[in-house]
> 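Before I ask anything, let me first share the structure, which is written out below as structure tokens.
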Amino acid sequence: MSPLVEVRDLCKQFPVGAGATVYAVEGVSLEVGRGETLAVVGESGCGKSTLAHTMIRLHDPTSGQVVLDGVDISTLGNRALREHRRKMQIIFQDPFASLDPRRPVGRAVAEPLLIHGMAKGDEVDEKVADLFVKVGLEADMMRQYPHQFSGGQRQRVCIARALATNPQLVIADEAVSALDVSIQAQVINLMMGLQADLGLSYLFISHDLAVVERMSHRVAVMYLGQIVELGPRRAIFENPQHSYTQRLLDAVPIADPRARRDRPLLTDEIPSPVWPAGTSPERVVMREVAPGHLVADEG
Amino acid sequence: MKQIAARIAWSAGLILAVIVMCFSLIHLAPGDVAIVIAGDSGAGDPEVIAEIREDLGLDDPFLVQLGGYVGDVVQGDLGTSYRFNEPVTDLIVTRLWPTFLLVGTAVSFAIVIGVLVGVFTARRPESPISHGVTVFSLTGYSMPVFWTGLLLIIMFASNVQWFPVSGMRDVRLDGNWLEEWVDIAHHLVLPSITLGVIYLAQYSRLSRASMLEVLQSDYVRTARAKGLTERRVVYKHALRNAVIPVVTVAGLQFGQMLSGALLVETVFNWPGLGRLAADSVFQRDAPVLLGILILSSTLVVIINILTDVVYRLIDPRIRVGAATK
Amino acid sequence: MEPVLSVRGLTVTFGSFTAVEDVSFDIHAGQTLAVVGESGSGKSVTALSIMRLVELGTRGKIERGEILFRAPDGEMIDLVQQPEGEMRAIRGNQISMIFQEPLTSLNPVYSVGDQVAEAVILHQGLDKEAANERVLEMFRLVRIPEAEKRMVQFPHEMSGGMRQRVMIAMALSCDPKVLIADEPTTALDVTIQAQILGLMRDLREQTGAAVLIITHDMGVVAEVADDVVVMNRANVVERGPVTQIFEAATEPYTRALLASVPRLGSMAGRDEPAPFDLVEYQP
Amino acid sequence: MTVPVTPVSPEQGDLGPPGRQALRLFIRNKAAVFGLILLVAIVFMTLFGSFFYDQDPSRIIARPLQGPGEGDAPAFGTDYLGRDVLAGVVNGGSTSLTVALVAVLLVAVIGVSIGAVSGYYGGWIDVALMRVTEMFQVLPALLFAMVIVALFEPSTRSVSVAIGLASWPQTARLTRAEFLRLKNLEFVKAARASGASDFRIIWGVIFPNALPPLIVSITLIMGAAILFESGLAFLGLGDPNSQSWGLMIGLSRQTFLNGWWTVTFPGMAIFATVLSFSLIGDGLQDAFNPKLRGR
């Protein structure tokens with residue numbers, strides 16, 4: 001069976017002052033299989049969020065393709081694109097900014113149903129109520145306003161909104177990063193349960209390797225706009241090949257006081273993805289070290 | 001440097017656009033300038049009218065007139081006043097500095113006192129003085145400036161004669177330069193208070209709000225965590241950040257201030273640009289009006305650029321060339 | 001051993017809201033105490049109360065309790081009872097603090113060198129030149145590369161990691177007895193976090209200062225703490241040595257919290273993802 | 001598994017929709033309620049005042065320049081021609097209020113559409129629209145309005161249009177700033193990702209959230225428009241055929257030193273009207289933004 005999403009050589013550049021360019025996403029290729037979670041990890045400015053936003057056309061790609069269920073959506077016009085949008089939905093990081101403060105939360109969940117003409121009249125409320133129950137909220141909460149909810153509950157509402165159109169792909173853009181750990185764990189469990197029930201695919205964007213390790217099937221490591229390592233979760237966590245992946249894993253504090261490591265006193269910083277006029281990043285070359293485990297060559 | 005140059009080039013384009021717009025507005029509006037100039041004496045005589053039209057080139061195609069005007073303006077020639085039959089440039093230049101004096105005094109008074117009041121009340125946000133400032137700021141902003149002026153005249157120039165009723169200098173005075181200046185300053189008090197009070201109201205409120213916000217900032221907490229005295233925290237760490245919005249607003253409001261000056265000059269018979277403008281409107285003296293519109297727009301643009309420069313001096317985050325990689 | 005700082009029965013209120021209730025703990029020289037809790041647990045208010053900054057800039061009020069600090073002459077003084085003038089001599093000098101957001105915690109309009117020098121001039125009475133020497137020394141201590149060049153830069157010209165190093169340099173510039181770090185690495189990327197945590201541990205060993213670290217991250221706690229205080233809803237839930245908290249927590253809240261912490265390596269050997277095995281906790 | 005609803009902060013507890021919450025805060029604000037009452041009183045006086053004080057403001061009724069209480073003078077005295085100042089005050093508001101209302105409608109329509117399109121689409125559309133806005137912004141508003149009024153003959157219509165044309169840039173900039181801020185918020189992105197059209201996002205999602213600051217600003221512009229109108233009338237550029245507070249003061253300019261009441265009372269009427277809008281605007285600001293109260 002073909003993968004649900006295929007991203008081919010996707011590039012996204014933003015101009016910044018004085019002719020310089022941000023190479024936010026540079027030649028990224030990846031696939032997300034059906035019912036699979038692909039995690040994209042990396043540090044701030046590595047382009048992981050831009051990748052997600054470009055994939056669902058919140059930005060138009062500079063070049064490259066995004067093939068969703070056999071259709072290249074990277075160049076579709078607005079009208080044609082709308083039809084395909086229901087197959088992919090997104091959950092954002094900030095539970096406070098992701099709901100319209102002036103409308104009851106039920107409206108947020110109903111909106112995609114109305115846009116796509118998937119329900120009308122009393123049906124809308126029924127479907128919204130079903131979705132609320134599905135994400136562990138009570139149906140009558142739909143009449144309340146976002147400020148009456150805690151961060152974890154809001155994120156549940158956002159998940160309900162994302163599920164409203166029966167999507168096949170849900171992109172979670174740092175969706176649990178802003179939550180307290182106890183809430184984070186509950187939301188992750190919920191997402192995994194929904195995946196099992198509905199056969200969803202997740203593109204899970206995160207900077208938190210410990211969370212990624214728990215919930216992903218495959219992992220892509222991004223650095224300065226490019227993927228430097230991509231493979232099954234176990235291969236990435238148990239046998240990392242790229243020096244950046246190794247550094248990232250070494251840096252994660254482990255919640256076990258007996259596993260303390262001595263840290264070298266480094267002072268290196270994350271380089272900037274801004275390139276002055278006339279310069280551009282060098283493309284990495286990927287090499288397969290094991291079935292499905294790709295690593296960028298290091299010069 | 002490059003940014004400033006680009007900014008100046010862009011501003012020149014902006015002023016050109018303003019010239020074209022104002023010129024078109026005045027020349028395409030209903031009413032015949034020639035009839036106005038001919039005045040009561042010659043208005044009935046078609047020959048006189050035709051002569052005037054010929055003289056002023058009013059029969060040329062509109063674009064030719066516009067082109068000619070723009071060309072003249074670039075060379076510093078704003079045409080000739082219909083009314084005074086004098087070069088507009090000369091007329092304006094002689095009226096410029098009284099307006100500068102008035103606006104400059106009013107704005108300095110408003111900024112300095114406004115910021116001091118703002119800082120003082122921000123440190124005691126619940127005190128009666130602080131609430132008083134809120135009330136003052138609302139009333140100050142709501143008073144029509146010409147009315148304030150008249151009331152001040154009634155109170156301080158008529159009931160008690162502390163200040164002169166109008167004008168910029170006493171024509172009877174024949175003294176040395178110092179006495180001249182004292183005389184001008186004496187005349188300046190009421191008009192500049194009238195104009196300044198609106199802005200004092202706004203700036204004290206604005207700097208109070210800005211100060212309150214800055215006092216909640218993380219870097220003020222850091223300054224306190226260092227063990228600095230409150231005085232140093234407020235005047236060294238908070239103040240410089242708090243005046244940034246005040247400077248921005250003051251710069252942006254310069255155009256408004258010219259409008260206010262127009263009314264104040266009318267009330268106090270202050271021999272500035274504003275009164276020239278008001279008189280020219282009634283006399284339909286189009287060249288003078290156009291000249292004043294162009295000049296005041298240019299002044300606004302220049303003040304905006306200067307504000308930018310000051311802003312950059314206060315805040316290194318936008319200093320030119322500061323963002324070295 | 002006598003503690004450097006001993007908090008006893010601290011209660012802090014904001015109007016009718018009690019942010020910190022009856023909190024007690026001790027901090028010893030050369031040791032790191034972590035106060036851990038989720039948002040709203042009162043951990044940051046506790047830190048600000050020790051500096052007596054909770055009454056300055058926020059509307060908090062220390063209702064009850066003592067904050068005993070061992071002054072350089074060996075006497076224990078209660079910080080709660082100190083007049084503001086005395087507190088100013090202690091703040092940034094004997095007890096100093098670093099914060100979560102190094103960008104907003106530095107004044108944008110002054111150079112970082114001047115901001116560090118300010119504390120040195122104030123507390124050590126150095127002149128401008130000597131203060132700059134001291135700043136340079138501190139910048140090198142916190143391993144800021146090209147220290148001379150960095151001194152004249154403004155905060156926005158530096159990276160997050162460098163800014164936090166500046167904050168640490170500022171905090172340590174007067175050789176404090178206690179360093180309070182309020183979520184010092186939360187705003188930083190994980191590789192930079194590792195550098196800063198390593199630096200802090202190194203500096204603690206060099207200076208012998210006591211460190212109070214406030215964090216929500218159990219991973220950070222496990223990395224740096226000797227002792228742990230777990231807070232929830234304004235109260236201390238559990239306290240003890242770090243290994244005891246992680247391996248033999250007795251309170252249900254602590255155990256529920258630990259169960260929801262993702263631990264790197266916990267999935268080793270498993271092919272499929274797995275949900276968290278959560279522990280029910282009823283407050 | 002069900003999660004109980006826990007309010008995020010005790011202050012925000014049970015307050016229902018944000019609109020109702022703002023209303024409640026507004027009603028609790030004494031100054032704002034005073035402003036509202038003042039405004040209602042002024043509007044009432046303007047609409048129905050002549051029923052209660054039936055005097056023709058343009059008729060000469062007594063000796064000129066008699067102060068309040070002097071001889072047979074009415075309550076607010078007489079002006080330089082012997083007309084009743086009180087009658088002028090009672091009847092002078094309708095021009096100011098009409099002009100301000102029309103001007104503000106114009107400002108809202110032009111300013112909001114230009115600002116919304118500019119902020120939402122960005123790019124060259126934004127650049128072009130903002131350049132036009134800037135052009136209007138560098139012209140001193142009063143002077144610009146005076147020229148327009150003088151060119152097209154003073155009338156209620158030309159004065160309203162002139163004030164509207166001179167005042168919209170501020171609203172356009174505010175709307176643009178709000179749209180720029182809001183369009184990158186996640187709930188707007190979520191609407192876009194759900195397939196909502198641009199029209200729906202601009203007017204259905206962003207605009208309602210940009211409304212609070214716009215309402216505040218429009219209220220304050222209403223006050224400014226009244227000041228603007230009275231300034232023009234004072235200079236003699238109002239509608240010559242209608243009674244107006246500004247005109248009364250303007251006409252008394254030569255004689256006010258002999259009769260303080262001829263300028264004081266009409267001025268107070270202008271002041272009270274503008275003040276009522278300032279108080280209401282201020283109260284709305286606090287009600288929409290409880291965190292910033294008192295700033």
Side-chain angles (χ1 to χ4, degrees), chain B residues 13-15 17-18 21-22 25-26 29-31 125-126 130-131 134-135 138-139 141-148 150-151 153-154 157-159 165 205 208-210 212-213 252 254-260 262-263 266-267 274 277-278 281-282 284 289-290 292-293 296-298 300-301 304, chain D residues 31 35 131-132 134-153 166 170 173 220 223-224 226-228 230-231 234-237 245-246 249-250 252-253 256-258 260 262-264 266-268 270-279 281-282 292 294-295:
Chain B
L14 182 67
I15 290 164
V18 168
M21 183 174 84
C22 294
L25 183 71
I26 288 185
E126 297 302 328
S130 184
H131 291 296
T134 308
V135 173
L138 282 171
T139 46
Y141 174 77
S142 305
M143 298 204 300
V145 63
F146 53 90
W147 183 59
T148 319
L150 294 174
L151 291 189
I153 292 176
I154 292 173
S158 173
N159 283 356
V165 172
R205 191 172 160 84
R208 174 168 176 267
S210 151
L212 276 172
E213 190 180 321
L252 277 177
F254 183 73
Q256 265 188 48
M257 225 172 282
L258 287 179
S259 297
L262 196 151
L263 289 166
T266 307
V267 170
V281 165
F282 289 102
R284 298 199 132 230
L289 274 179
L290 255 177
I292 295 177
L293 275 171
S296 41
S297 310
T298 312
V300 172
V301 169
N304 284 350
Chain D
R131 298 280 121 121
V132 175
E134 230 173 297
M135 201 163 85
F136 278 86
Q137 225 171 3
V138 297
L139 285 166
L142 182 64
L143 190 55
F144 181 55
M146 280 167 68
V147 170
I148 294 181
V149 172
L151 288 174
F152 294 90
E153 296 306 319
Q170 194 192 339
R173 286 193 169 267
L220 297 175
I226 296 209
L227 286 176
F228 208 143
S230 67
F234 168 77
L235 290 169
L237 286 164
W245 296 323
I249 300 177
S252 301
R253 236 169 74 206
F256 76 98
L257 284 177
N258 300 320
W260 57 269
T262 56
V263 294
T264 305
M268 276 178 142
I270 303 172
F271 169 62
T273 315
V274 180
L275 182 67
S276 72
F277 284 111
S278 303
L279 290 172
D282 223 48
L292 301 180
R295 293 201 180 171

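Here is the naming used below: chain letters follow the sequence lines, and residue numbers restart at 1 for every chain. Model, not experiment: these values are computed from the prediction.
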> To the nearest 0.5 Å, what is the distance between CD (D:Glu134) and CG (B:Asn304)?
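It is 8.0 Å, given to the nearest 0.5 Å.
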> Counting only non-hydrogen atoms closer than 4.5 Å, does D:Phe277 touch chain B with its backbone (N, CA, C, O), its side chain (CB onward), both, or neither?
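Neither; nothing under 4.5 Å.
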> Could you look at B:Pro125 and say if it's the side chain, the backbone, both or neither that has a heavy atom under 4.5 Å from chain D?
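B:Pro125 has no heavy atom closer than 4.5 Å to chain D.
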> Which region of B:Leu289, side chain (C-beta onward) or backbone (N, CA, C, O), has a non-hydrogen atom less than 4.5 Å from a non-hydrogen atom of chain D, or is it both or neither?
side chain
> Among D:Val274, D:Thr273, D:Leu279, which residue meets the side-chain contact (heavy atoms from CB on, under 4.5 Å) test with B:Ser142?
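Looking at D:Val274, D:Thr273, D:Leu279, the match for B:Ser142 under the side-chain contact (heavy atoms from CB on, under 4.5 Å) is D:Val274.
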> Checking B:Val165 against chain D: side chain, backbone, both or neither under 4.5 Å from a heavy atom?
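Contact with chain D involves the side chain of B:Val165 alone.
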> Report yes if the side chains of D:Pro140 and B:Leu262 come closer than 4.5 Å at any heavy-atom pair, otherwise no.
no
> What's the shortest heavy-atom distance between D:Leu151 and B:Leu25, and which atoms?
CD1-O, 3.7 Å
> Within a strict 4.5 Å, meaning less than it, do heavy atoms of the B:Ser158 and D:Phe256 side chains meet?
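No - every pair of side-chain heavy atoms lies 4.5 Å or more apart.
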> Within a strict 4.5 Å, meaning less than it, do heavy atoms of the D:Leu143 and B:Leu258 side chains meet?
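They are not in contact (no side-chain heavy atoms under 4.5 Å apart), so the answer is no.
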> Which atoms form the tightest heavy-atom contact between B:Arg284 and D:Ala150, and what is the distance?
NH2-O, 2.8 Å
> Side chain, backbone, both or neither: which part of D:Ile226 has an atom under 4.5 Å from a heavy atom of chain B?
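Neither part.
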> Looking at D:Ala224, D:Gly246, D:Gly281, D:Ser278, which has the largest count of heavy-atom pairs under 4.5 Å with chain B?
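The candidate making the most pairs under 4.5 Å is D:Ser278.
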> Can you tell if the side chain of B:Arg205 reaches within under 4.5 Å of the side chain of D:Asp282, non-hydrogen atoms only?
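A side-chain contact exists here, since the closest heavy-atom pair is under 4.5 Å.
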> Can you tell me if CD on D:Gln170 sees more than 12 non-hydrogen neighbours from other groups inside 6.0 Å?
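12 or below, so no.
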> With a 4.5 Å limit on heavy-atom distance, are the side chains of D:Phe234 and B:Leu263 in contact?
yes
> Nearest 0.5 Å, please: how far is CG in B:Leu252 from CZ in D:Arg173?
7.5 Å
> In Å, rounded to the nearest 0.5 Å, how long is the span from CG of D:Leu235 to CZ of B:Phe282?
6.0 Å
> Is there a side-chain contact between B:Phe146 and D:Arg253, using heavy atoms and a 4.5 Å cut-off?
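Heavy-atom side-chain distance check fails, nothing below 4.5 Å.
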> Is there a side-chain contact between D:Ser252 and B:Leu150 in this structure, where contact means two heavy atoms from C-beta onward sitting under 4.5 Å apart?
no
> Would you name the heavy atoms of B:Trp147 and D:Gly267 that are closest together and state the gap between them?
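Where B:Trp147 meets D:Gly267 most closely, the heavy atoms are NE1-CA, 3.3 Å.
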> For the residue pair B:Ile154 and D:Val263, establish whether any side-chain heavy-atom pair is separated by less than 4.5 Å.
yes
> Look at D:Gly223, D:Gly250, D:Ser276, D:Gly231 and state which one has the largest set of heavy-atom pairs under 4.5 Å with chain B.
D:Gly231
> Tell me which of these, B:Ser296, B:Gly255, B:Pro144, has more heavy-atom pairs under 4.5 Å with chain D than the rest.
B:Pro144
> Side chain, backbone, both or neither: which part of B:Met21 has an atom under 4.5 Å from a heavy atom of chain D?
side chain
> Could you have a look at B:Thr139, B:Thr298, B:Val145, B:Leu151 and say which one has the most heavy-atom pairs with chain D under 4.5 angstrom?
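It is B:Thr139.
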> With a 4.5 angstrom heavy-atom cut-off, which part of B:Phe254 approaches chain D: side chain, backbone, both or neither?
neither
